[in-house]
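Both backbone and side-chain heavy atoms feed into the values below; hydrogens, waters and symmetry mates do not.
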Amino acid sequence: MAAEFTADEHKRLAPFFTNLDRSTFGLKLPEEVAGALFSRYSRSTKSLRRTFLDEFLGDPALGLSDLLGGQTDPVGDSAALKKARAFYERVLVGYGDDSVAQLGGAHLACENISNVAVKLLEDARIGIAPLEKSTRYVRFDHKDAAGNYLFYREPKIMTSRHRDTYVDVMNLLFDTYSRQMEPMLEHVAKSLPIEQLEVRDPSSGKSLTYNDAKKDDRLRRWAETAYRATVRAHACDVLRSYLPAATLTNVGMFGVGQAFEYLLSKFYSHPLSEAKELAAAMHTDLNQLIPSFVKRAQFNDYLAGTAVSARTVADAVLTVAPAKSAEPVTLIDHDDQAEEKTIAAILYSHVRHPLAQLREVAGAMSQEQRRKILEDYFAKRRHRRDKLSRAFENVYYTFDILGNLGLYRDLHRHRILTQERQDFTTVHGYDTPREIEEAGFKREFDRCMNRAAELYEQIYRDLPSEAQYVVPFAYKIRWYMKMNLREALHMVELRTMPQGHPDYRFICQEMWRRIQEVHPALSECGKFIDWKKYRLGRLESEMRTEFKKSAMEKEE
């Protein structure tokens, strides 16, 4: 890895990171600073350490230089720290009290890893909080110092007969993404010019045309800056369809010790080479931050063995071809007596009766009585941040979803549910963004998708797990999501907001339609689901951001 920092920069950065020359490293920073740094980093093309050096270290308001206090290490290796680690080792390792490992955590950054590896990291639902580089705010047409596009050179593929074809197809996808970026930016701007847009004054809420906004210099600047950001985001949204799962990205994480220990064991036991390499890299730097918590992390026979057994069973029992289904959302199962369960749970914490009796009472109510109780409950919600109570966690739904890899990356972030995906594949076909056709790029798009599918099939015969790296974001994959009504409402109201990507907005709208079909009274809770379609839905959000930035600048 080429040296990124000068000798002086190296000296300034060294106290705050576990290393300065590897792609995986830990942060030795106050947690508030680390959180802000990860947030900024997710929208930047810079590395995390460069972002920290350029935008944080020299900021006198943060006082990071004072934090050093003349020491060479802000975390230090004091006697008190040694005693604390010794205590944790006695309790955690000696007595096996796993709950102690939830009391300490670490910030970790993993840079230049594939989207395949990122999804494995983000599978960790409990105790890990990841934030990944955005495909919406960051362009992926950059090359490294050697002039190579940033995609993962999977070791088994690179030493196989598929090496040259793999590199050629990856370069084709990135070349096409890069070549079409400027024309797509022009197409988006031309198809919806700023003069035709209605903007909203963030301070008054009043709707204005752009020509009206131009009369106020401040509003004009907000509108134009927001419009440019929205056009860029929209173009990136469209063209990310070309990006393969091998695309290198960055992810920042905060995790508690217990979660990191399990994550490392899971990665050590995974069949992909990248997962094993990443486990070793993470373990090295976590040993500098929370060594006691990750001491037991190692290859796990159970995790590896059950995965192999499941594949063996699948090969033996599934002798028929997969059923042909193009439905984007299928409701596989749902709770019976959903209204009775919910109403009994609403009453439960306010009475002294057993749950079974309350369900009997709710079951004896008329349909109209139950509907009235629910309507009164829902009427009190003022906005989507007014959450339903835990009573609504008693009703469950299981959805089988077929959607493109790009939208999966966003819906995958939701944690309070059960979800499992199948391997990335090209067998289910791909989605073609409308703008690709409108801009005249469909023939080239189809050629790229077909080349990727041909390569996938070739590699799959020899290396089925590794073939996933070839799959572009446009291709559809299958996954299921099992969630309760409370989480379903949270996800659907959040993901149908105007600034959301059209692909996942559609999937979430379809999920709620299935809920409406089976539980019409309960589905009335979805007061803030947005059913509209938008061309540049991010514009108002970007306007509010510009307004907030301007307000902060005024205060300073």
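For Gly363 against Glu340, the heavy-atom pair with the smallest separation is CA-CG, 3.5 Å. Minimum interatomic distance between Leu185 and Val231 (heavy atoms only, all atoms of both residues): O-CG1, 3.7 Å. Here the closest heavy-atom approach between residue Ser523 and residue Gln516 is recorded as OG-CG, 3.5 Å. Smallest separation of non-hydrogen atoms from Met253 and Cys110: CE-SG, 3.9 Å. Among all heavy-atom pairs drawn from Cys448 and Leu172, the shortest one is SG-CG, 3.9 Å. Residue Ile529 comes nearest to Glu493 through the heavy atom pair CG1-CG, 3.7 Å, listed as atom of the first residue, atom of the second, then distance.
Summarising the local packing, NZ of Lys190 is surrounded by 12 or fewer heavy atoms from other residues, nucleotides or ligands at distances under 6.0 Å. Under a cut-off of 6.0 angstrom, the local environment of CZ in Arg415 is crowded, with over 12 non-hydrogen atoms contributed by other residues, nucleotides or ligands. Summarising the local packing, NZ of Lys533 is surrounded by 12 or fewer heavy atoms from other residues, nucleotides or ligands at distances under 6.0 Å. Annotation: Arg513, atom CZ; neighbour count of heavy atoms from other residues, nucleotides and ligands within 6.0 Å is above 12.
In this structure, the side chain of Arg505 does not engage the main chain of Arg495 through any donor-acceptor pair within 3.5 Å. Formation of a donor-acceptor pair under 3.5 Å by the Asn300 side chain with backbone atoms of Leu303 is found in this model. The backbone N or O of Gln419 sits nowhere less than 3.5 Å from a side-chain atom of Lys482 that would complete a donor-acceptor pair. Although no hydrogens or angles enter the test, the distance criterion places a donor-acceptor pair under 3.5 Å between the side chain of Gln509 and the main chain of Asp530. Glu274 places a side-chain N or O within donor-acceptor distance of the main-chain N or O of Ser114, the cut-off being under 3.5 Å. Checked by atom type and distance alone, the side chain of Arg370 pairs as donor or acceptor with a backbone atom of Ala362 at under 3.5 Å. Side-chain N or O atoms of Arg381 include none that pairs as donor or acceptor with a backbone N or O of Lys387 at under 3.5 Å. In this structure a side-chain-to-backbone donor-acceptor pair under 3.5 Å is missing from Ser241 to Ala474. Formation of a donor-acceptor pair under 3.5 Å by the Gln468 side chain with backbone atoms of Ser465 is found in this model. Here the side chain of Asn115 pairs a donor or acceptor atom with the backbone of Thr247 at under 3.5 angstrom.
In this structure, Tyr149 has its ring center closer than 6.0 angstrom to the ring center of Phe174. Aromatic ring centres of Tyr456 and Tyr460 lie closer together than 6.0 Å. Residues Phe378 and Phe392 place their aromatic rings such that the two centres sit under 6.0 Å apart. Proximity of the aromatic rings of Phe38 and Phe254 is defined here by a centroid distance below 6.0 angstrom, and this criterion is not met.
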> Is there a side chain to side chain donor-acceptor pair (under 3.5 Å) between Tyr480 and Thr418 once you walk through the steps?
Replying inline: CA-CA 8 Å; Tyr480 78 79; Thr418 299; over 6 Å; no
> Given Asn404 and Phe473, is the side chain to side chain contact (heavy atoms under 4.5 Å, CB included) satisfied, shown in steps?
Replying inline: CA-CA 6 Å; Asn404 65 62; Phe473 285 10; 5.8 Å; no
>> With side chain to side chain donor-acceptor pair (under 3.5 Å) as the criterion, how do Asp333 and Tyr396 come out once you've worked through the C-alpha distance, each side chain's angles and the decisive distance to 0.1 Å?
In response: CA-CA 8 Å; Asp333 58 51; Tyr396 277 85; over 6 Å; no
>> Set out, in order, the CA-CA distance, both residues' side-chain angles and the distance that settles side chain to side chain contact (heavy atoms under 4.5 Å, CB included) for Leu494 and Arg384, then state yes or no.
In response: CA-CA 8 Å; Leu494 173 66; Arg384 70 175 182 84; 3.7 Å; yes
> Which is it for Arg125 and Ile416 under the side chain to side chain contact (heavy atoms under 4.5 Å, CB included) test, yes or no, and what are the steps along the way?
Replying inline: CA-CA 8 Å; Arg125 294 176 300 165; Ile416 314 301; over 6 Å; no
>> side chain to side chain contact (heavy atoms under 4.5 Å, CB included), that's the test. Do Ile477 and Asp423 meet it? Break it down for me.
In response: CA-CA 8 Å; Ile477 67 166; Asp423 283 353; over 6 Å; no
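Put simply, the side chain of Phe399 reaches to within 4.5 Å of the side chain of Ile515, judged on heavy atoms. In this structure, the side chains of Met365 and Ile373 come closer than 4.5 Å at one or more pairs of heavy atoms. Residues Val395 and Arg486 have side chains not in contact (no heavy-atom distance under 4.5 Å, counting atoms from C-beta outward). His412 has its side chain out of reach of Trp479: every pair of non-hydrogen atoms, C-beta onward, lies at least 4.5 Å apart. In this structure, the side chains of Arg240 and Arg136 stay at 4.5 Å or more apart for every pair of heavy atoms.
Asn484 and Asn394 share no donor-acceptor pair across their side chains, judged by distance under 3.5 Å alone. The closest side-chain donor-acceptor pair between Glu339 and Gln367 falls under 3.5 angstrom. A donor and an acceptor atom, one from each side chain of Tyr475 and Thr425, are nowhere located under 3.5 Å apart. For Glu111 and Tyr41, the side-chain atoms include at least one donor-acceptor pair closer than 3.5 Å.
For Lys133 and Phe140, the positive end sits near the middle of the six-membered ring, less than 6.0 Å away and at most 45° from its axis.
Expressed to the nearest 0.5 Å, how far CG of Leu374 lies from CD of Gln369 amounts to 12.0 Å. Interatomic distance, Leu485 CG to His490 NE2, rounded to the nearest 0.5 Å: 13.0 Å. Between the CD atom of Glu435 and the OG atom of Ser191 there is a distance of 7.0 Å, given to the nearest 0.5 Å. Taken to the nearest 0.5 Å, the CG atom of Asn250 stands 10.5 Å off from the OG atom of Ser42. Between atom CG of residue Leu407 and atom NZ of residue Lys476 there is a gap of 10.0 Å, rounded to the nearest 0.5 Å. Put simply, CE on Met483 and CD on Glu393 are 13.0 Å apart, with the number rounded to the nearest 0.5 Å.
For the pair Asp376 and Lys372, the salt-bridge criterion is met [side-chain N within less than 4.0 Å of a carboxylate O]. With respect to Lys119 and Glu132, a salt bridge is recorded, a charged nitrogen being found less than 4.0 Å from a carboxylate O. Comment: Lys380 does not engage Asp386 in a salt bridge, judged by the lack of any side-chain N to carboxylate O separation of less than 4.0 angstrom. Residues Arg139 and Asp237 are not paired through a salt bridge, judged by the lack of any N-O separation under 4.0 Å between the basic side chain and the carboxylate. Classification of Lys341 and Asp336 as a salt-bridged pair fails, no side-chain N sitting under 4.0 Å from a carboxylate O.
By the ring-ring contact (aromatic ring centres under 6.0 Å, His included) test, Tyr152 pairs with Tyr469, sequence neighbours left out.
Among residues at least two apart or in separate chains, ring-ring contact (aromatic ring centres under 6.0 Å, His included) pairs with a member in residues 509-534 are His334-His519, Tyr397-His519.
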